[in-house]
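Notes for the one structure printed next.
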There are 2 protein chains.
Amino acid sequence: MMSERPTIADVARVAGVSKGLVSFALNDKPGVSVETRQRILSVASELGWKPSMRARSLSSRRAYAVGLVIARDPGIIAADPFFPALIAGIEIALAPAGQVLVLSMVADEEAEIASYRQLVENDRVDGVILTDLRTNDARIALAVELGLSAVTLGHPDIPSPFPAVTVDDAAGIRAAVAHLVALGHTRIAHVGGPSRMLHGSRRRNSFLAALAEAGLSGELAIETDFSSADGARVTADLLALAEPPTAIVYSNDPMAIAGMSVAQRAGFSIPQDLSVTGFDGSDLGNFTNPSLTSVSTQVQEWGRAATDALLRVIAGEDVVDVELAPAQLVPRESSAGPPRT
Amino acid sequence: MMSERPTIADVARVAGVSKGLVSFALNDKPGVSVETRQRILSVASELGWKPSMRARSLSSRRAYAVGLVIARDPGIIAADPFFPALIAGIEIALAPAGQVLVLSMVADEEAEIASYRQLVENDRVDGVILTDLRTNDARIALAVELGLSAVTLGHPDIPSPFPAVTVDDAAGIRAAVAHLVALGHTRIAHVGGPSRMLHGSRRRNSFLAALAEAGLSGELAIETDFSSADGARVTADLLALAEPPTAIVYSNDPMAIAGMSVAQRAGFSIPQDLSVTGFDGSDLGNFTNPSLTSVSTQVQEWGRAATDALLRVIAGEDVVDVELAPAQLVPRESSAGPPRT
DNA sequence: TACGGTGACTAAACCGGTTCAGACGACCCC
DNA sequence: GGGGTCGTCTGAACCGGTTTAGTCACCGTA
């Protein structure tokens with residue numbers, strides 16, 4: 001019963017060399033002859049030796065883990081398929097590197113800052129993925145202050161020393177508007193996220209720009225908190241207007257789905273009386289009635305690429321910004337020509 | 001510019017005592033006089049000393065972290081609000097204890113086993129939360145083999161040395177059936193999860209038992225993989241029967257929502273022609289048309305309680321099973337009396 | 001032949017905590 | 001007054017790796 005796990009000292013003893021040399025051999029460092037390296041490696045695998053992450057962490061001052069802090073209302077997170085997809089992507093890149101994800105979910109921005117500080121003070125992570133960037137985001141300065149490595153999902157609106165991994169979601173909004181314009185719509189509304197969030201304001205701006213390009217007015221661009229509840233409320237408001245829009249571009253799928261329900265309750269047929277588009281192209285939209293025209297962003301690939309970049313930053317490499325395939329329109333049943341008046 | 005972080009040796013030097021005594025004082029161990037303890041504590045806080053988790057981990061052989069491995073298809077996870085709520089609950093219990101969550105998301109059961117092994121071999125976690133229990137679940141034996149602490153979400157169907165934290169979801173299914181029976185339904189179908197998953201088969205059994213109690217036949221209990229797609233497919237099959245059911249009890253909300261869409265497409269009005277109930281009482285169901293009668297399980301509280309129990313197991317306490325408030329029916333618009341024939 | 005350089009290797013320090021054996025004085029008891 | 005107990009504290013070992021300084025044999029060269 002060899003219950004104790006072998007240490008590097010056991011390997012050294014059996015191989016007849018010093019601890020230090022074993023360490024060199026196992027980390028592919030120079031200064032070890034080919035035969036000795038061979039012998040050490042075979043002894044190590046014979047003994048079933050695995051390095052102790054704890055000891056390695058202490059002496060190398062690394063955590064071999066990356067952090068993700070999600071700061072949103074749990075209710076909103078639960079409805080939004082974005083995060084599971086992101087995490088799945090992160091995992092794909094992390095696993096082969098022998099690293100793990102430390103996840104923190106907090107309710108507000110104050111707790112978010114505290115969470116990053118905890119992560120660093122407690123030596124939990126070597127770097128973080130910054131998602132849901134906000135205008136003038138304090139986390140950039142915080143990461144710098146804490147000496148953290150980081151990558152941002154999207155370009156911040158302030159100077160940042162960290163690589164940005166971006167998906168051109170503006171292209172998706174433009175495609176959605178172009179799609180609706182091509183169908184003949186002229187009164188198009190936008191139900192977007194909080195303007196404090198960069199992707200909220202960026203999508204809103206792209207929406208306005210696309211409308212302007214088509215010679216249309218963008219007066220119906222409304223801001224929400226990204227929740228289904230807000231999506232429903234705003235939709236009701238829009239449809240109660242004297243001249244309601246004939247199409248609504250939503251900034252995420254949960255709001256679009258809630259909006260469709262509200263519209264249908266109010267007696268609007270979709271897409272006959274109202275066209276609707278979502279954002280993020282979640283699977284959910286395939287199973288609504290009608291199915292939801294949406295914009296797909298390959299969230300999983302985004303997570304994978306961001307993690308890849310982060311690991312290289314942590315390793316000290318120079319990493320340049322990464323631009324992924326732009327968001328693409330996925331036309332389904334919820335969009336059609338405007339009602340004939 | 002005091003850039004280096006103070007160590008326990010610094011505190012000892014300034015306080016004029018030995019390293020060991022500082023450690024005792026800071027961990028509330030006996031053998032330190034009140035005045036000395038006071039002095040040490042004040043020196044520590046003056047210096048802004050924070051224990052190094054890495055060093056502490058190495059010498060105490062603990063990770064101060066717990067693991068959660070989610071093994072489901074990413075698409076299914078994304079649609080299901082269960083996991084975000086669970087994680088939010090876990091976080092609530094973890095943060096005050098200074099511990100963190102290491103999350104792993106894998107696609108299949110093989111990767112799942114490998115993931116647990118990695119977590120342990122790499123000293124990542126002190127314990128794990130076992131969710132989505134399956135029949136004869138190999139993870140129980142695996143955790144024992146690896147010497148992991150654990151808690152299970154629900155009772156396993158095999159002997160387990162780990163405390164179980166349970167929510168009586170059977171009560172929820174019974175309540176849903178009772179609700180439908182009271183409304184006058186006699187042909188009630190069940191669209192449930194995989195029978196390999198314990199909550200899948202348990203809900204199915206409760207469904208059958210509840211029907212039997214009401215003197216009804218349970219021939220329409222169908223098994224799915226929990227995905228929206230499967231929910232849609234099975235619903236279509238059920239409605240195509242010569243004598244379709246007048247009510248369907250779904251085992252999660254995404255399937256119920258997909259099922260409603262399919263039914264509506266097929267010309268069924270809900271709830272006039274078909275009543276529908278979901279499971280897990282997600283916020284989503286508030287914003288469908290009609291809103292979804294569902295069963296609420298307080299998932300967040302489940303995660304909190306499970307984490308609490310796990311931390312106590314890790315601390316070596318004797319922990320007994322915890323039984324949370326049973327699942328409760330949340331009646332909304334999708335259920336009503338059967339159509340008059 | 002003396003010398004500098006190089007490759008292979010060892011010993012020991014180090015990372016920053018925890019823990020254990022033992023020193024020491026104060027106190028108590030018989 | 002000698003011995004035992006208790007509370008307080010020290011010094012050193014320990015956790016299991018990484019890293020640095022230094023030893024030693026061997027080589028080619030002037």
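All chains are named by letter (A, B, ...) in the order of the sequence lines, taking the proteins before the strands, and each is independently numbered beginning at 1.
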Exercise for the section: Please determine, for the side chain of N27(A), which listed nucleotide (dT18(D), dT18(C), dG17(C)) has the closest atom? Expected result: dT18(D)

Practice task
Show the numbers, then the answer: is there a side-chain contact (heavy atoms from CB on, under 4.5 Å) between I40(B) and V17(B)?
Solution key: CA-CA 8 Å; I40(B) 292 176; V17(B) 296; 3.9 Å; yes

Problem - Presence of W49(B) side-chain N/O under 4.0 Å of dG16(C) phosphate oxygens OP1/OP2 - result: no

Handout entry: Gap between atoms CD1 and P, on I8(A) and dC15(D) respectively (whole Å)
Key = 14 Å

Completion exercise
V32(A) has its side chain closest, among dC9(C), dT10(D), dT19(D), to dC9(C)

Handout entry: Below 4.0 Å: OP1/OP2 of dA8(C) and any side-chain N or O of T36(A)
Key = no

Problem - Interatomic distance, L47(A) CG vs dG16(D) C1' [rounded to whole Å] - result: 15 Å

Practice task
Could you tell me whether V22(A) contacts a base, only the sugar-phosphate backbone, or nothing, with contacts defined as non-hydrogen atoms closer than 4.0 Å?
Solution key: nothing

Problem - Criterion salt bridge (Lys or Arg N to Asp or Glu O under 4.0 Å) against E112(A), the qualifying member of R72(A), R117(A), R139(A) - result: R139(A)

Problem - Distance test, side-chain N/O of R61(A) to OP1/OP2 of dC14(C), below 4.0 Å - result: no

Completion exercise
Quick note, F24(B) side chain, CB onward, closest among dT20(D), dC20(C), dG17(C) is dC20(C)

Practice task
Starting at atom CZ of R13(B), determine the distance to atom P of dG11(D), rounded to an integer number of angstrom.
Solution key: 15 Å

Handout entry: Base of dG11(D) paired with side chain of K19(B) (donor-acceptor, under 3.5 Å)
Key = no

Exercise for the section: Before accepting this row, confirm whether a basic side-chain N of the pair D28(B)/R37(B) lies closer than 4.0 Å to the acidic partner's carboxylate O. Expected result: yes

Exercise for the section: Name the closest nucleotide to the L21(A) side chain, picking from dT18(D), dT10(C), dT10(D). Expected result: dT10(C)

Completion exercise
Between T152(A) and the options I129(A), V128(A), I140(A), the side-chain contact (heavy atoms from CB on, under 4.5 Å) test singles out I140(A)

Practice task
Apply side-chain contact (heavy atoms from CB on, under 4.5 Å) to the pair D126(B) and L310(B), showing each step before the final yes or no.
Solution key: CA-CA 9 Å; D126(B) 301 316; L310(B) 179 56; over 6 Å; no

Practice task
Please check if the side chain of D80(A) supplies one atom and the backbone of F82(A) the other of a donor-acceptor pair under 3.5 Å.
Solution key: yes

Practice task
Kindly say if S33(A) contacts the phosphate of dC9(C), meaning a side-chain N or O under 4.0 Å from OP1 or OP2.
Solution key: yes

Exercise for the section: Could you tell me whether S23(A) contacts a base, only the sugar-phosphate backbone, or nothing, with contacts defined as non-hydrogen atoms closer than 4.0 Å? Expected result: base

Exercise for the section: Output yes when at least one side-chain N/O atom of S59(B) is less than 4.0 Å from OP1 or OP2 of dT18(C), else no. Expected result: no

Completion exercise
When rounded to whole Å, the CG to P distance for the pair L58(A) and dG16(D) reads 12 Å

Exercise for the section: To the nearest Å, give me how far apart NZ (K50(B)) and C1' (dG17(C)) are. Expected result: 16 Å

Problem - N/O (side chain, S52(B)) to phosphate O (OP1/OP2, dC15(C)) under 4.0 Å - result: no

Problem - Separation of dT8(D) P from I40(B) CD1 (nearest whole Å) - result: 12 Å

Exercise for the section: Examine dT18(C): is either OP1 or OP2 under 4.0 Å from a nitrogen or oxygen in the side chain of R56(B)? Give yes or no. Expected result: yes

Fill in the blank from the handout: Whole-Å distance, D28(A) CG to dT18(D) P, equals 12 Å

Completion exercise
Whole-Å distance, R54(B) CZ to dT18(D) C1', equals 13 Å

Completion exercise
Assert: residue with more 5' nearest nucleotide on DNA chain D, out of G31(B) and S60(B), is G31(B)

